[in-house]
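For reference, the structure discussed in these notes is given below.
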Protein chains: 2
Amino acid sequence: MSQHRPAGASGRAGAVPALPDLPEATVARLPEYLRALHNLAEAGDDTVSSEGLAAAAGVNSAKLRKDLSHLGSYGTRGVGYDVALLIHQIEYVLGLTHRRAVALVGVGNLGHALAGYAGFASRGFRIAALFDADPTRVGEEINGLTVRHIDDLLQTAAEERIAIGVIATPASAAQRVTDLLVAAGVTSILNFAPCVLAVPEGVDVRKVDLAIELQILSFHEHRKASLTALPGGRDEADPDLAATGTEDTAAPAPVEPAPPGRTRPTRTEVVGS
Amino acid sequence: MSQHRPAGASGRAGAVPALPDLPEATVARLPEYLRALHNLAEAGDDTVSSEGLAAAAGVNSAKLRKDLSHLGSYGTRGVGYDVALLIHQIEYVLGLTHRRAVALVGVGNLGHALAGYAGFASRGFRIAALFDADPTRVGEEINGLTVRHIDDLLQTAAEERIAIGVIATPASAAQRVTDLLVAAGVTSILNFAPCVLAVPEGVDVRKVDLAIELQILSFHEHRKASLTALPGGRDEADPDLAATGTEDTAAPAPVEPAPPGRTRPTRTEVVGS
DNA sequence: AGATGTGAAGCCTTTCACAGCC
DNA sequence: GGCTGTGAAAGGCTTCACATCT
């Protein structure tokens with residue numbers, strides 16, 4: 001390879017450089033590198049090897065180097081990466097050089113917690129407005145911000161130059177809120193409601209579903225149990241394998257391991273309690 | 001293809017069927033399908049086409065069919081999937097046929113909200129114990145559960161047959177808590193603390209970092225701004241492109257787009273403003 | 001006719017291994 | 001000698017398109 005412009009710079013002289021067209025997988029890891037770098041900086045290190053940074057970020061070093069190489073060439077062979085320079089560069093690419101204003105919709109259980117979450121403020125964001133549909137919650141003050149009624153969203157979002165909307169409402173309200181945010185010109189949404197959102201082209205939605213995370217873990221638990229039990233023999237005391245577990249027997253009614261009958265085109269209902 | 005056993009059934013007759021060795025990407029989507037299926041069931045549908053379910057789950061139908069085919073063959077050509085049967089099957093694979101006990105460590109801001117989150121209970125989990133290191137919080141009752149001191153974790157986890165640990169402590173405490181959970185025999189951890197956890201082989205960790213989600217969105221905002229501004233011209237009023245934004249100027253100290261100094265070892269810097 | 005299940009192709013991501021530079 | 005940056009290989013995931021079955 002030869003001369004290295006910060007990957008993807010525009011041709012037009014003096015122009016704002018177009019961002020490198022990073023692979024999504026890389027984008028998703030940059031924040032993790034950034035966090036690790038801030039830790040290193042605080043610890044007083046001013047350079048770090050790909051090996052060291054990779055360990056701090058929980059990835060392997062080849063992946064880290066490949067990721068960073070997409071940003072351009074900011075390391076020094078034989079030495080490593082300059083911590084401050086790299087922080088700088090990643091913050092620039094992620095668009096963290098100015099603080100983005102975030103609107104949080106839904107100040108129930110979860111919303112309340114998010115409104116008070118210090119990690120947002122410390123990592124480049126400012127919660128600029130809180131909304132709720134419940135009139136009894138409007139006016140409440142949380143962390144120095146007053147909860148406004150959702151009907152004010154359109155106007156307030158424009159005034160506050162909201163860049164990102166966070167949805168922490170029940171699923172039933174989420175699509176309506178989304179439409180409002182989109183109408184207000186918001187093009188990035190973080191959705192905590194357990195549902196799929198329809199948005200126009202050009203609007204990005206990321207989803208966080210806490211129950212899904214547990215269900216994925218549950219799969220692996222189930223899997224580990226089925227692996228360690230089979231080539232052993234006595235499947236005792238393992239609720240994962242016993243048809244009638246020792247755990248409560250609730251909502252997702254217990255079922256036989258394998259589907260039953262499955263004969264005719266008919267369905268053999270088993271889900272009933 | 002011919003006769004279809006529930007993919008990966010063990011040879012041993014009457015044995016608990018080994019779980020199919022699903023691709024991770026598939027595992028991560030099954031909970032989404034499950035949620036969509038529950039919605040359909042509530043709406044009274046008892047069959048659904050791959051097209052219909054895919055739409056409800058926000059994926060394309062080819063992907064859905066491929067995912068489901070890994071579970072075995074539970075659809076009917078010309079008809080679609082039996083909703084109840086499929087719910088059944090996915091719940092079995094995910095290990096949701098019995099309710100897993102979850103321990104939540106850290107009842108601060110976020111932990112409080114998680115302790116009260118109804119979605120856990122309704123989707124296959126039971127919060128069985130709450131822990132905190134702060135003595136002033138021990139004894140507090142949240143949602144019918146009493147907060148215990150973290151020192152009781154080892155004993156309580158065994159008693160309550162804890163299957164999954166959720167960490168909602170500050171990052172500084174997370175590794176200690178992890179070690180405790182692991183010592184207590186917990187092999188699945190959901191980590192909300194912004195840090196990397198070291199765990200022994202065989203322990204699964206999933207991570208949710210709220211700030212990272214926003215930072216990923218920030219990247220796309222930044223990117224959209226740089227794309228729509230360049231081939232336009234007048235880069236007015238866009239804090240993404242103006243060096244001195246209209247937004248607050250805070251924590252991640254505002255920087256020039258391009259790294260400073262950085263003279264010698266040169267590559268033609270273009271990123272400068 | 002209609003919809004599933006699936007080889008095969010294409011794309012993206014990760015890993016390897018080493019040339020190149022300090 | 002040490003460490004980055006990167007082609008090339010390997011692996012995994014998604015999409016296509018159609019054979020197959022009801």
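The figures here come from the full heavy-atom set of this structure, side chains too, leaving out hydrogens, waters and symmetry mates. Letters A, B, ... are given to chains in the order of the sequence lines, protein chains preceding strands, and every chain is numbered from 1.
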* In residues 52-68 of chain B, which residues come under 4.0 Å of DNA chain C by heavy atom? -> B:Arg65, B:Lys66
* side-chain hydrogen bond (donor to acceptor under 3.5 Å, both in side chains) against A:Ser188, all qualifying residues, sequence neighbours excluded -> B:Glu221
* Does A:Leu30 reach the side chain of B:Phe219, with side-chain heavy atoms less than 4.5 Å apart? -> no
* Structure fact -> Closest to the side chain of B:Ser69, out of C:dG5, D:dG5, D:dT4, is C:dG5
* Structure fact -> On DNA chain C, more 5' by nearest nucleotide between A:Thr26 and A:Val79 is A:Thr26
* Please state how far atom NE2 in A:His70 lies from atom P in D:dG7, giving the value in whole angstrom units. => 10 Å
* For A:Leu71 and D:dG5, what is the distance between atoms CG and C1' respectively, to the nearest whole Å? -> 13 Å
* No-H, no-angle donor-acceptor pair, A:Arg77 side chain to D:dT4 base, under 3.5 Å -> yes
* Separation of A:Gln89 atom CD from D:dG5 atom P, in whole Å? -> 12 Å
* Listed partners of B:Ser50 passing side-chain hydrogen bond (donor to acceptor under 3.5 Å, both in side chains), at least two apart -> B:Arg65
* Structure fact -> Sorted by chain and number, sequence neighbours left out, side-chain hydrogen bond (donor to acceptor under 3.5 Å, both in side chains) with A:Asp67 holds for A:Thr26, A:Arg29, A:Tyr33
* To do: Only counting residues at least two apart or in another chain, list the ones meeting salt bridge (charged side-chain N to carboxylate O under 4.0 Å, His left out) with B:Glu213.
  => A:Arg206
* To do: Would you indicate which nucleotide in D:dG5, D:dC3, C:dC22 comes nearest to any side-chain atom of A:Ser49?
  => D:dC3
* Phosphate OP1/OP2 of C:dC22: any A:Thr76 side-chain N/O under 4.0 Å -> no
* To do: Could you state the atom-to-atom distance from OH of B:Tyr81 to P of C:dA3 in whole Å?
  => 12 Å
* Rounded to the nearest angstrom, tell me the gap between atom CD in B:Glu51 and atom C1' in D:dT15. => 13 Å
* D:dT4 P sits how many Å from A:Asp82 CG, rounded? -> 13 Å
* **Between CZ on residue A:Phe120 and CG on residue B:Leu210, distance to nearest 0.5 Å** => 5.0 Å
* **Length of the line joining A:Arg29:CZ and C:dC12:P, which is rounded to integer Å** => 15 Å
* To do: For residues 41-50 of chain A, pull every pair meeting salt bridge (charged side-chain N to carboxylate O under 4.0 Å, His left out), keeping only residues two or more places apart or in separate chains.
  => none
* d(CG, B:Asp21; C1', D:dC13) in whole Å -> 15 Å
